[in-house]
Number of protein chains: 2
Amino acid sequence: MGSQGFLGEFEQLVLLAVIQEGDSAFALEVRRMIEDRTGRSISRGAFYTTLDRLERKGMATWTQETPKDQRRRAPLRLYRVTPEGLDALRESRRALDSLSRGLDALLERGR
Amino acid sequence: MGSQGFLGEFEQLVLLAVIQEGDSAFALEVRRMIEDRTGRSISRGAFYTTLDRLERKGMATWTQETPKDQRRRAPLRLYRVTPEGLDALRESRRALDSLSRGLDALLERGR
DNA sequence: ATTTCTCGTCTACATTATAGACTATCGGGT
DNA sequence: ACCCGATAGTCTATAATGTAGACGAGAAAT
């Protein structure tokens, strides 16, 4: 149910990017994906702060992971979106969609 | 062009609702539309503050209008989204879409 | 004139967004 | 071993957005 507490614009992008990577994603890969797909540039500070917030709100979690990948160094944060996070994302999407109805052409959506 | 300075989540909803009303819209009708379509409840303060901010950023404008509507009282704010506002909306939409690609089923989009 | 609507203003505070300096760790020279 | 460059993540501070509620003004009903 509508659990109050909506997602900010950037929070939505972060959650979506994690999901895009599959079931889970390494932090900086998520960052790179957002930069690549949206063209925005994101500082590390801005990025991790948002990740931490999402964690505190119970919308994302992470675990230390040391990828067996050949030339690998320190353990990394491997992120996952929680069911709550997915719900929040759906709710945001619902709001946006309901107010965008009929405006696809105007918004150049469908490109 | 990417004019920097992105729209917040709620700002997007407000801009979209103004557009939904047609070319222009009375303030409180916009508010009612957002409440109706999204189920969120919005205080007057929150609403006007956002409207003012959008105006300062050049994304919306308004004029005093005294509707010839029969039982009418004081003049009202009639809002309009500027071309800059529409651009910003498109850019936000683009970012969201590019990161939502392929996730429609998961996000229950297409409801 | 007093109450009661509706519309809008103003103030204050919470949450989110964002940058940049700082720390730590690993791998590769040398 | 020691230094260097690179990568990953932390911490602090500040700006921008989001949100509520008290307040004021005009018109209409009583």
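Side chains are part of it too, since the values below use all heavy atoms of this structure and drop only hydrogens, waters and symmetry mates.
- The listed nucleotides are D:dG9, C:dC7, C:dA19; the one nearest the side chain of B:Arg44 is C:dC7.
- Nucleic acid contact for B:Gly8: sugar-phosphate only, since backbone atoms but no base atoms lie under 4.0 Å from a heavy atom of the residue.
- For residues 10-26 of chain B, the set of pairs meeting the side-chain hydrogen bond (donor to acceptor under 3.5 Å, both in side chains) definition, not counting sequence neighbours, comprises A:Glu9-B:Gln12, B:Glu11-B:Lys57, B:Asp23-B:Arg80.
- For the pair B:Leu28 CG and C:dC5 P, the interatomic distance rounds to 17 Å; values are reported in whole Å.
- Contact of the B:Trp62 side chain with the B:Leu78 side chain is not registered, since no non-hydrogen atoms from C-beta on lie closer than 4.5 Å.
- Between the P atom of D:dA16 and the CE atom of B:Met59 lies a distance of 13 Å, rounded to the nearest Å.
- Although no hydrogens or angles enter the test, the distance criterion places no donor-acceptor pair under 3.5 Å between the side chain of A:Arg93 and the main chain of B:Glu108.
- Spacing between atom CZ of B:Phe10 and atom P of C:dA17 amounts to 15 Å, rounded to whole angstrom units.
- The phosphate of C:dG8 (OP1 or OP2) has a side-chain N or O of B:Tyr48 nearer than 4.0 angstrom.
- An OP1 or OP2 oxygen of C:dT9 is reached within less than 4.0 angstrom by a side-chain nitrogen or oxygen of B:Arg77.
- At least one side-chain nitrogen or oxygen of B:Lys57 sits closer than 4.0 Å to the OP1 or OP2 atom of D:dT17.
- Residues A:Leu16 and B:Leu107 form a side-chain contact, since some pair of their non-hydrogen atoms from C-beta on lies under 4.5 Å apart.
- As rounded to whole Å, 16 Å separates atom P of C:dT6 from atom CZ of B:Phe47.
- If you take CG of A:Leu15 and P of C:dA17, they are 11 Å apart, rounded to a whole angstrom.
- Two residues, A:Thr49 and B:Thr49, neighbour DNA chain C, and the one matched to the more 5' nucleotide by heavy-atom proximity is B:Thr49.
- Looking at the side chain of A:Ser43, the nearest of the listed nucleotides C:dC10, D:dG9, C:dT18 is C:dT18.
- A donor-acceptor contact under 3.5 angstrom links the side-chain atoms of B:Arg53 to the base of D:dG18.
- Spacing between atom CG of B:Leu7 and atom C1' of C:dT16 amounts to 15 Å, rounded to whole angstrom units.
- Here B:Thr50 contributes atom OG1 and B:Leu7 contributes atom CG; the two are 11.0 Å apart, rounded to the nearest 0.5 Å.
- To the nearest angstrom, C1' of D:dA8 lies 12 Å from CG of A:Leu51.
- Here C:dA17 presents its P atom at 12 Å from CZ of A:Arg56, a figure rounded to the nearest Å.
- Closest approach to the B:Phe6 side chain among D:dT19, D:dG18, C:dT18 is made by C:dT18 (side chain taken as heavy atoms from C-beta onward).
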